[in-house]
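Position 1 is the first residue of the sequence, and the numbers go up from there. This one's a predicted model, so the numbers in the text were calculated from it and none came from an experiment.
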Amino acid sequence: MGKIGRCVPKDKPEPKKPDRSTSDMEKFLHKKPATGSLAAAKMVLEDQEGWSQHAEEEDGSTIDSAEGQADSIAAPISRHFLQQALTEALSPLIQELKEIKADVRQIGHRVETLEHNQAAILRYIKAVSDNTAAFVDSLDNAYTMLEDQENRSRRKNLRIRGLSENVAAEALADTAIAIFGSLLGPDRAEEVQIECIHRALRPRPKDSENPRDVICGLLRYVDTAAIMTAARNKKEITFEGKALEATVDLNCQPTWLEKMLDSKTLIRRWISLLYLALSTPNTKAQPQYIRTWAGELGKTFSETEIMRIHANSHGFSRCVKIQEHSYKVLTQWYRTPAQLFRSGLSVNYVCWRCKEDSRTLLHIMWTCPKIKPYWAQISDEIHKITGARVNLTPELVLLWLPSDTLTPSKHNLETHLIQAARLLIPLQWLSTDPPHHHTMDSKSRIPAKTRRAS
């Protein structure tokens with residue numbers, strides 16, 4: 001019995017050829033090229049050439065059967081055909097990329113142009129700002145020069161205050177020369193030439209009232225400057241045992257309302273202009289009393305400090321009297337001896353306590369030699385009552401600006417004690433003696449909550 005094995009047919013079956021129809025070829029042509037499209041195309045050509053050689057080696061029967069299908073099989077794909085197909089497929093993309101690249105280049109040029117124009121605009125704005133600032137300074141200088149020109153006609157005038165009404169009008173010139181001689185010396189006073197001299201244009205006062213001012217117009221400005229310099233250096237002018245005061249007779253700059261009323265042309269809608277001027281706050285210039293305090297204290301207040309001063313101007317109390325007092329101190333409503341003398345309400349401008357030159361409110365309430373011990377006693381009293389050592393400064397006492405040891409507040413007992421001590425000074429305004437700290441208890445008006453907390 002023979003070995004059973006595989007049955008091998010005598011005639012070898014024909015190998016089944018792949019069906020390369022037209023649809024498969026179209027799929028191949030429309031297939032997207034991969035990254036290595038050229039290498040893949042080369043491999044396809046080599047496969048097609050090998051397949052052609054293999055097909056030629058087949059016997060005739062195979063060739064005859066394949067010839068029936070030759071009409072339906074496309075021609076072999078060549079390198080040139082693939083390159084042409086790839087070129088046709090990629091040409092729209094390449095064209096679009098070129099257009100995008102051109103657009104990006106154009107946008108880049110536009111952006112560079114905009115940046116250049118922006119830099120030029122910024123430089124122009126800076127130049128305009130600098131020119132505007134220079135024009136503002138020039139305008140301020142022009143206003144100053146205009147005021148100087150307005151005062152030039154009166155700059156050589158002197159105003160003498162305190163000269164008795166008993167001096168006749170004919171003797172005013174000789175009396176003025178004698179007064180100038182006490183300042184400049186007899187020889188220098190003889191060189192002074194007086195153009196005109198007269199009393200202030202108002203009715204003759206009564207014997208109990210202050211005399212009218214004497215206005216003296218000199219021929220040369222150098223004489224006016226020399227007399228004013230000598231008067232400032234001497235600090236006190238006397239004639240026949242009475243104190244006098246010499247000032248320059250200047251014309252103050254008219255206000256916006258005076259300019260409006262003095263206008264020669266017809267002003268339309270002047271009520272609306274007046275309302276607008278009164279309702280619009282002047283944020284450029286600081287208030288006059290702030291500038292006065294800054295000059296007396298020798299410092300410059302920042303915007304934050306000015307806001308704090310105004311916020312604390314009520315005096316940390318509901319008492320109307322304390323609020324009124326605090327506001328009067330802030331606005332320098334209290335009249336100093338110099339102001340009383342210029343108003344004709346005092347015979348001299350010296351301090352009534354220390355008999356020294358007193359031209360500021362700071363001297364009356366803080367720097368006077370007789371008022372300094374008073375504030376030292378107040379500091380000791382605050383230390384005894386609260387146990388805290390408070391560094392009293394004029395900014396803290398007069399303007400309620402915080403110091404290094406105390407921040408003013410309505411909840412602080414120290415603040416109310418300082419307020420009570422400050423209130424005693426106006427109550428003894430014309431007294432030659434300073435107030436005493438023992439009288440502070442009846443004037444303190446400390447809130448009940450604060451007293452209980454202490």
Side-chain angles (χ1 to χ4, degrees), residues 293 296-299 308-309 312-338 340 350-454:
W293 277 118
E296 294 181 5
L297 295 174
K299 63 174 297 183
R308 186 184 292 271
I309 290 173
N312 299 338
S313 61
H314 54 78
F316 305 99
S317 176
R318 295 182 180 180
C319 179
V320 178
K321 186 176 182 179
I322 292 180
Q323 293 180 2
E324 179 185 358
H325 163 69
S326 182
Y327 182 76
K328 287 180 178 179
V329 172
L330 173 62
T331 58
Q332 296 209 357
W333 183 89
Y334 294 108
R335 296 295 179 255
T336 62
L340 294 176
V350 297
C351 177
W352 45 74
R353 297 194 190 102
C354 63
K355 306 304 180 182
E356 295 181 0
D357 187 5
S358 172
R359 298 180 182 271
T360 63
L361 184 62
L362 182 66
H363 174 87
I364 298 297
M365 303 196 70
W366 185 260
T367 60
C368 179
K370 289 191 175 182
I371 206 68
K372 287 183 177 180
Y374 170 71
W375 287 113
Q377 295 173 359
I378 295 301
S379 179
D380 295 338
E381 288 294 325
I382 293 175
H383 179 65
K384 291 179 182 179
I385 296 173
T386 64
R389 180 63 67 180
V390 179
N391 181 23
L392 298 181
T393 61
E395 293 84 358
L396 172 64
V397 173
L398 302 177
L399 300 179
W400 296 121
L401 287 176
S403 64
D404 53 352
T405 57
L406 177 64
T407 299
S409 173
K410 64 180 181 179
H411 303 293
N412 293 338
L413 179 60
E414 297 88 343
T415 302
H416 295 282
L417 292 175
I418 295 173
Q419 176 70 77
R422 194 180 70 172
L423 186 60
L424 294 179
I425 298 178
L427 296 179
Q428 300 183 13
W429 190 249
L430 298 178
S431 176
T432 56
D433 298 326
H436 200 273
H437 65 280
H438 289 302
T439 59
M440 183 178 63
D441 297 336
S442 59
K443 302 295 181 180
S444 60
R445 299 180 182 270
I446 301 174
K449 291 183 179 180
T450 308
R451 288 198 300 268
R452 289 194 296 268
S454 62

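Taking every heavy atom of both residues into account, Leu330 and Trp293 meet most closely at O-NE1, 2.9 Å. Smallest separation of non-hydrogen atoms from Arg353 and Cys368: CB-SG, 4.0 Å. Heavy atoms only, all atoms of each residue included: Ala421 and Trp375 are closest at CB-CZ3, 4.0 Å. Heavy atoms only, all atoms of each residue included: Ile322 and Ser317 are closest at CD1-OG, 3.9 Å. The shortest heavy-atom contact between Cys354 and His363 is SG-NE2, 3.4 Å. Listed here is the closest heavy atom pair of Ser403 and Thr393: CB-OG1, 4.2 Å.
Side-chain atoms of His416 come within 3.5 Å of backbone atoms of Lys410 as a donor-acceptor pair (strictly under, hydrogens ignored).
Using a 4.5 Å cut-off on side-chain heavy atoms (C-beta onward), Arg308 and Leu399 make no contact. Using a 4.5 Å heavy-atom cutoff, the side chains of Ser313 and Thr331 are not in contact. Side-chain contact check for Pro435 versus Ile425: some heavy-atom pair is nearer than 4.5 Å. Put simply, the side chain of Leu396 reaches to within 4.5 Å of the side chain of Val390, judged on heavy atoms. Residues Tyr334 and Ile364 are not in side-chain contact: their nearest non-hydrogen atoms beyond the backbone lie 4.5 Å or more apart. For the pair Asn412/Thr386, no side-chain contact is recorded, criterion being any heavy-atom separation below 4.5 Å from C-beta on. Between Ile378 and Val397, the closest side-chain pair of non-hydrogen atoms is not below 4.5 Å.
Ring pair Trp400/Phe316 is perpendicular by interplanar angle, where above 60° counts as perpendicular and below 30° as parallel.
Atom CZ of Arg335 has more than 12 neighbouring heavy atoms from other residues, nucleotides or ligands inside a 6.0 Å radius. Summarising the local packing, CZ of Arg389 is surrounded by more than 12 heavy atoms from other residues, nucleotides or ligands at distances under 6.0 Å.
Outside the 6.0 Å centre-distance limit, the rings of His325 and Tyr327 are not counted as a close aromatic pair.
By the side-chain contact (heavy atoms from CB on, under 4.5 Å) test, Lys299 pairs with Leu297, Phe301, Glu305, Glu395, sequence neighbours left out. For Lys355, there are no side chain to side chain donor-acceptor pair (under 3.5 Å) partners, not counting sequence neighbours.
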- Task: Walk me through it: do Thr360 and Trp366 pass the test side chain to side chain contact (heavy atoms under 4.5 Å, CB included)?
- Result: CA-CA 10 Å; Thr360 63; Trp366 185 260; over 6 Å; no
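Here the CD atom belonging to Gln377 is positioned 12.0 Å from the CD1 atom belonging to Ile382, to the nearest 0.5 angstrom. Rounded to the nearest 0.5 Å, atoms CG (Leu423) and CD1 (Ile418) are 13.5 Å apart. Rounded to the nearest 0.5 Å, atoms CG (Asp380) and CD1 (Ile385) are 11.0 Å apart. With values rounded to the nearest 0.5 angstrom, Leu340 atom CG is found 8.5 Å from Trp429 atom CH2. Rounding to the nearest 0.5 angstrom, the gap separating the CD atom in Gln323 from the CD atom in Gln419 is 9.5 Å. Rounding to the nearest 0.5 Å gives a distance of 10.5 Å between CG of Leu398 and CD1 of Ile309.
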